[in-house]
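A short worksheet on the structure shown next.
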Amino acid sequence: MLSQRSLEAFRAVMRTGTVSGAAEELLISQPAASRLIRELEEKTGLRLFTRHGGRVAATHEAHEFWVEVERSFTGLRHIERAAQQIRSGQRATITIAAAPALAYTALPEAVARLQQRRPGFRAEFLSMTTLPVVRQVALRQCQIGFGVLTQHKLEIDVVKTGSLAYRFIAEAGHPLGDLDEVCSEDLAGLDFVGFVDSTMTGRLFDLHFARMRKPPVVRLRSYLSNVISALVIRGLGVGIVDPFTAEVHVRLGGVSRPWRGEERFDYSVIKPLGEKLSSECEGLVAVFEELADLHRD
């Protein structure tokens, strides 16, 4: 049977990159840390690290094993945190996983409104990329998830989906801010701040711009919509983002106009497979939809 201590030593080496760093983190001697790693390799039959003098390098097997170990420790931390919250009477009512575009914009407002209506409401937020949102919900680490559309429907239940128009954003005083709406022809040759192509929005607009005779010049890219907004406000280009981010962009002093195009910002709300939504989760979804309705065509 694998010992908890050897797994802790493995995690510490993966985090720090050295056995000495792991020993320091665990408050044990370096030989003791090395012994724990050897014990784990013997018990698992895996070669987790290659040794190069006084240094170690994680193997491919170690990285695969790390994923499973972290999943296990995440579950344990969740249990420990729950016990502590129950003891102190501060147990979170719900745990929420959310993609950054929603975690930084609409959801804080939704939680604030729900807390006004239900003073006892408590929530715990996890902001992460799309696949980890699905994973956290599928593993029942979170009771509800907000993100882009997902195809992982054998792992989770889709509670609700929605589609909203994108918005054009620019710095204050930008000439396109005088238009009633912005279309692709208006962007011809302009410096543009886009999403990385691993995102749904990035792929959508990369395809759109590829069809243009004179597309904008993508100078900068980011995964995060709030980073794109920050770059745009500083005059490094124009951008196209979801309406929630555009709303925040305007509050920060930027300009936003409707985007006239076929592309849509599609989102989904998900829950663990087969589970019933709690009344708190249902309330959060309802308030979120109220906010989304403000941006519907």
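Position 1 is the first residue of the sequence; numbering continues from there.
- Formation of a donor-acceptor pair under 3.5 Å by the His249 side chain with backbone atoms of Ala170 is found in this model.
- Around the CD atom of Glu24, the shell of radius 6.0 Å holds no more than 12 heavy atoms that belong to other residues, nucleotides or ligands.
- Between Ala58 and Ala62, the shortest heavy-atom contact is CB-CB, 4.0 Å.
- Under 3.5 Å, the side chains of His208 and Glu262 contain no donor-acceptor pair of N or O atoms.
- Of all heavy-atom pairs between Ala99 and Gly147, the closest is CB-CA, 3.9 Å.
- The ring pair (Phe, Tyr, Trp, His ring centres under 6.0 Å) check on Phe195 picks up nothing, with sequence neighbours excluded.
- Phe265 and Phe205 fall within the same hydrophobic cluster, where Ile, Leu, Val, Met, Phe, Trp and Tyr residues are linked whenever their side-chain heavy atoms come under 4.5 Å apart, directly or through other members.
- Side chains of Val193 and Leu220 form a contact here, defined as non-hydrogen atoms less than 4.5 Å apart.
- No side-chain heavy atom of Arg203 sits less than 4.5 Å from a side-chain heavy atom of Val196.
- Taking Thr245 as the reference, Ser225, Asp242 meet the side-chain hydrogen bond (donor to acceptor under 3.5 Å, both in side chains) condition, with sequence neighbours excluded.
- Taking both residues in full, the closest heavy atoms of Gln136 and Ala97 are given as CB-CB, 4.3 Å, listed atom of the first, atom of the second, then distance.
- In this structure, Ile240 CD1 and Ser184 OG are separated by 8.5 Å, a value rounded to the nearest 0.5 Å.
- Counting only N and O atoms by type, the side chains of Arg167 and Ser256 include a donor and acceptor under 3.5 Å apart.
- Within the 4.5 Å cutoff, the side chain of Thr18 has no heavy atoms near those of the Val56 side chain.
- Grouping Ile, Leu, Val, Met, Phe, Trp and Tyr by side-chain contacts under 4.5 Å, direct or through others, leaves Val217 on its own.
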Quiz prompt | Ile144/Val159 under side chain to side chain contact (heavy atoms under 4.5 Å, CB included): CA gap, chis, key distance, verdict | solution = CA-CA 9 Å; Ile144 193 165; Val159 176; 5.6 Å; no
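- Cluster membership for Phe209 and Leu176, using ILVMFWY side-chain heavy atoms within less than 4.5 angstrom, is shared.
- Remark: Glu39 engages Ser3 in a side-chain hydrogen bond (donor to acceptor under 3.5 Å, both in side chains) (not counting sequence neighbours).
- Atoms OG and NE2, on Ser163 and His295 in that order, are 13.5 Å from each other to the nearest 0.5 Å.
- In this view, Arg5 and Glu8 satisfy the side-chain hydrogen bond (donor to acceptor under 3.5 Å, both in side chains) rule, not counting sequence neighbours.
- Inter-residue side-chain proximity for Leu187 and Val182 is flagged as met; some heavy-atom pair is nearer than 4.5 Å.
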Distance-only criterion, 3.5 Å: show the donor-acceptor pairs between side-chain atoms of residues 106-114 and protein atoms not counting sequence neighbours.
residue: Glu109; atom: OE2; partner: Arg113; partner atom: NE; Å: 2.9

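- Note that the CZ atom of Arg264 and the OG1 atom of Thr201 stand 12.5 Å from one another [nearest 0.5 Å].
- Each salt bridge (charged side-chain N to carboxylate O under 4.0 Å, His left out) pair with one or both residues in residues 173-200, not counting sequence neighbours, appears once here: Glu181-Arg260, Asp191-Arg219.
- Inter-residue side-chain proximity for Val148 and Asp266 is flagged as unmet; no heavy-atom pair is nearer than 4.5 Å.
- A salt bridge links Arg117 with Glu290: the distance from a Lys NZ or Arg NE/NH1/NH2 to an Asp or Glu carboxylate oxygen falls below 4.0 Å.
- Side-chain N or O atoms of Arg140 include none that pairs as donor or acceptor with a backbone N or O of Glu275 at under 3.5 Å.
- Distance alone, capped at 3.5 Å, is enough to place a donor-acceptor pair between the Thr59 side chain and the Arg47 backbone.
- Hydrophobic clustering (ILVMFWY, side-chain heavy atoms < 4.5 Å, transitive): Val69 and Leu46 are in one cluster.
- In this structure, Ile228 is not a member of the same hydrophobic cluster as Ile233, with clusters built from ILVMFWY side-chain heavy atoms closer than 4.5 Å.
- Annotation: the span from Ile169 atom CD1 to Leu252 atom CG amounts to 10.0 Å, rounded to 0.5 Å.
- At a threshold of 4.0 Å, the pair Glu155-Arg135 does not count as salt-bridged, since none of the basic side-chain nitrogens sits closer than that to a carboxylate oxygen.
- In this structure Arg234 satisfies the salt bridge (Lys or Arg N to Asp or Glu O under 4.0 Å) test with no other residue, sequence neighbours excluded.
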Exercise. For the pair Phe244 and Tyr267, evaluate ring-ring contact (aromatic ring centres under 6.0 Å, His included) and give the outcome as yes or no after the intermediate values.
Key: CA-CA 12 Å; Phe244 301 118; Tyr267 66 86; 7.2 Å; no
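- Taking both residues in full, the closest heavy atoms of Leu36 and Ser6 are given as O-CB, 3.6 Å, listed atom of the first, atom of the second, then distance.
- For Lys214, the NZ atom counts as loosely surrounded, since its 6.0 Å shell holds 12 or fewer non-hydrogen atoms of other residues, nucleotides or ligands.
- Annotation: salt bridge (Lys or Arg N to Asp or Glu O under 4.0 Å) contacts of Glu61 (sequence neighbours excluded): none.
- The heavy-atom pair separating Cys281 from Ile94 by the smallest distance is SG-CG2, 3.6 Å.
- Note: Leu236 CG to Leu231 CG = 5.5 Å, rounded to the nearest 0.5 Å.
- You'll find the side chain of Leu7 reaches within 4.5 Å of the side chain of Leu40, heavy atoms only.
- Look at Arg296 and Glu289 and you find a salt bridge, because one of the NZ, NE, NH1 or NH2 atoms lies within 4.0 Å of a carboxylate O, short of that distance.
- Arg257 is linked by a salt bridge (Lys or Arg N to Asp or Glu O under 4.0 Å) to nothing, counting only residues two or more places apart in sequence or in another chain.
- Phe168 has its side chain within reach of Val238: a pair of non-hydrogen atoms, C-beta onward, lies under 4.5 Å apart.
- Across all non-hydrogen atoms, the minimal contact from Ala165 to Pro243 is O-CD, 3.4 Å.
- For Trp259 and Glu263, the side-chain atoms include at least one donor-acceptor pair closer than 3.5 Å.
- The salt bridge (Lys or Arg N to Asp or Glu O under 4.0 Å) search around Glu41 returns Arg51, not counting sequence neighbours.
- For Thr16, there are no side-chain hydrogen bond (donor to acceptor under 3.5 Å, both in side chains) partners, not counting sequence neighbours.
- Within the 4.5 Å cutoff, no side-chain heavy atoms of Gln30 are placed close to those of Arg35.
- Aromatic ring centroids of Phe10 and Phe65 lie under 6.0 Å apart.
- In the hydrophobic clustering of ILVMFWY residues, with side-chain heavy atoms under 4.5 Å counting as a link, Val248 and Tyr166 come out apart.
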